[in-house]
Amino acid sequence: KLRQKQKLRQKQKLRQKQKLRQKLMNKWGVAVVVVMISTAVYFMNKTKWTPPEAAKPYLDDIIKAEYLNGMPRYLLARLLYQESRYRWDIISGETKSSAGAVGIAQIVPKWHPNVNPLNVSESIHYAAKYLTKLKNQFGDWETALAAYNWGMGNVNNAMKSNGYKWLASAPTETQNYVSEIWGDVA
């Protein structure tokens, strides 16, 4: 008899929950459906980063280099934006970084002597090949981006010292570099 009473109580509670659920659905169902549809439309229409107008003269080379190197769409374009903002004074070499980096891909000539960083097309294709080499070495694009920015030796040392939490030991600039670029294209 005790078990029968427990089962009866469980059934009553279940019925009460079902009635409450039905009332809520009648009252809030339309609003919930509208919110769900609105959310779906937002995410369907949300676009990833697209190159700015200033990138147009370089897009043919960028898209070709991304394709030839198996890169995610606009990853290279976004990296070049981070490096040069597609500003002519940076691309032309008129403005140099404090590290001596020049050109659209901000290449340091002493570390990369086999490329002319002021030749835009050559720099774009070189940056794509180099970033892909880093991706193949480290296994993922995020780490490749960190190595492009901070140097592969620094990334290797940080990985040895800090394991999988290595990025937290990287400079804030590198952490931001990775999160901003990868966050826009992933």
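Proximity of a side-chain donor or acceptor of Asp140 to a complementary backbone N or O of Thr143 within less than 3.5 Å is detected. Between the side chain of Ser161 and the backbone N or O of Ala158, no donor-acceptor pair lies under 3.5 Å. Under a 3.5 Å cut-off, the side chain of Asn157 and the backbone N or O of Gly153 do form a donor-acceptor pair. Counting only distance, with no hydrogens or angles, the side chain of Thr95 and the backbone of Ile90 share no donor-acceptor pair below 3.5 Å.
Following chains of ILVMFWY side-chain contacts shorter than 4.5 Å, one can reach Leu59 starting from Val120, so the two form part of one hydrophobic cluster. Linking ILVMFWY side-chain heavy atoms closer than 4.5 Å, directly or via other members, places Leu68 and Leu80 in two distinct hydrophobic clusters.
Residue pairs meeting the side chain to side chain donor-acceptor pair (under 3.5 Å) criterion with at least one partner in residues 57-67, sequence neighbours excluded, are Asp61-Ser121, Asp61-His125.
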### Message
Could you go through Val178 and Glu142, starting from their C-alpha distance and side-chain angles, then the distance that decides it, and tell me whether this counts as side chain to side chain contact (heavy atoms under 4.5 Å, CB included)?
### Response
CA-CA 6 Å; Val178 172; Glu142 298 97 323; 3.9 Å; yes

### Query
Which is it for Tyr148 and Lys135 under the side chain to side chain contact (heavy atoms under 4.5 Å, CB included) test, yes or no, and what are the steps along the way?
CA-CA 10 Å; Tyr148 190 97; Lys135 188 260 187 189; over 6 Å; no

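Residues Trp166 and Ala146 come closest through the heavy atom pair CH2-CB, 3.5 Å. Closest approach of Pro51 and Trp49 over heavy atoms only: CA-CH2, 3.4 Å. Nearest heavy-atom pair across Tyr86 and Ile62 is OH-CD1, 3.6 Å.
The OH atom of Tyr81 sits 10.5 Å away from atom OG1 of Thr50, with the distance rounded to the nearest 0.5 Å. Atom OG1 of residue Thr172 and atom OH of residue Tyr177 lie 16.0 Å apart, to the nearest 0.5 angstrom. Rounding to the nearest 0.5 Å gives a distance of 9.0 Å between CG of Leu134 and CH2 of Trp141. How far NZ of Lys13 is from CZ of Arg9: 8.0 Å, rounded to the nearest 0.5 Å.
Shown here are the side chain to side chain contact (heavy atoms under 4.5 Å, CB included) partners of Glu53, two or more places apart in sequence or in another chain: Lys56. For the side-chain hydrogen bond (donor to acceptor under 3.5 Å, both in side chains) test, no residue two or more places apart in sequence or in another chain qualifies with Asn69. Contacts of Gln82 classified as side-chain hydrogen bond (donor to acceptor under 3.5 Å, both in side chains), with partners at least two apart in sequence or in another chain: Arg78, Glu180.
Looking at heavy atoms from C-beta onward, Leu75 lies in side-chain contact with Leu145 at the 4.5 angstrom threshold. Taking 4.5 Å as the limit, some side-chain heavy atom of Asn156 sits within range of a side-chain heavy atom of Gln137.
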Which atom pairs, donor and acceptor, lie under 3.5 Å between side-chain atoms of residues 103-113 and protein residues at least two apart or in another chain?
from: Gln106; atom 1: NE2; to: Gly103; atom 2: O; distance (Å): 2.9
from: His112; atom 1: ND1; to: Tyr126; atom 2: OH; distance (Å): 2.6

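Within a 6.0 Å sphere centred on CZ of Arg73, heavy atoms belonging to other residues, nucleotides or ligands number 12 at most. No more than 12 heavy-atom neighbours from other residues, nucleotides or ligands sit within 6.0 angstrom of CD on Glu173.
Other residues sharing a hydrophobic cluster with Val102 under the 4.5 Å side-chain heavy-atom criterion for ILVMFWY residues are Leu118.
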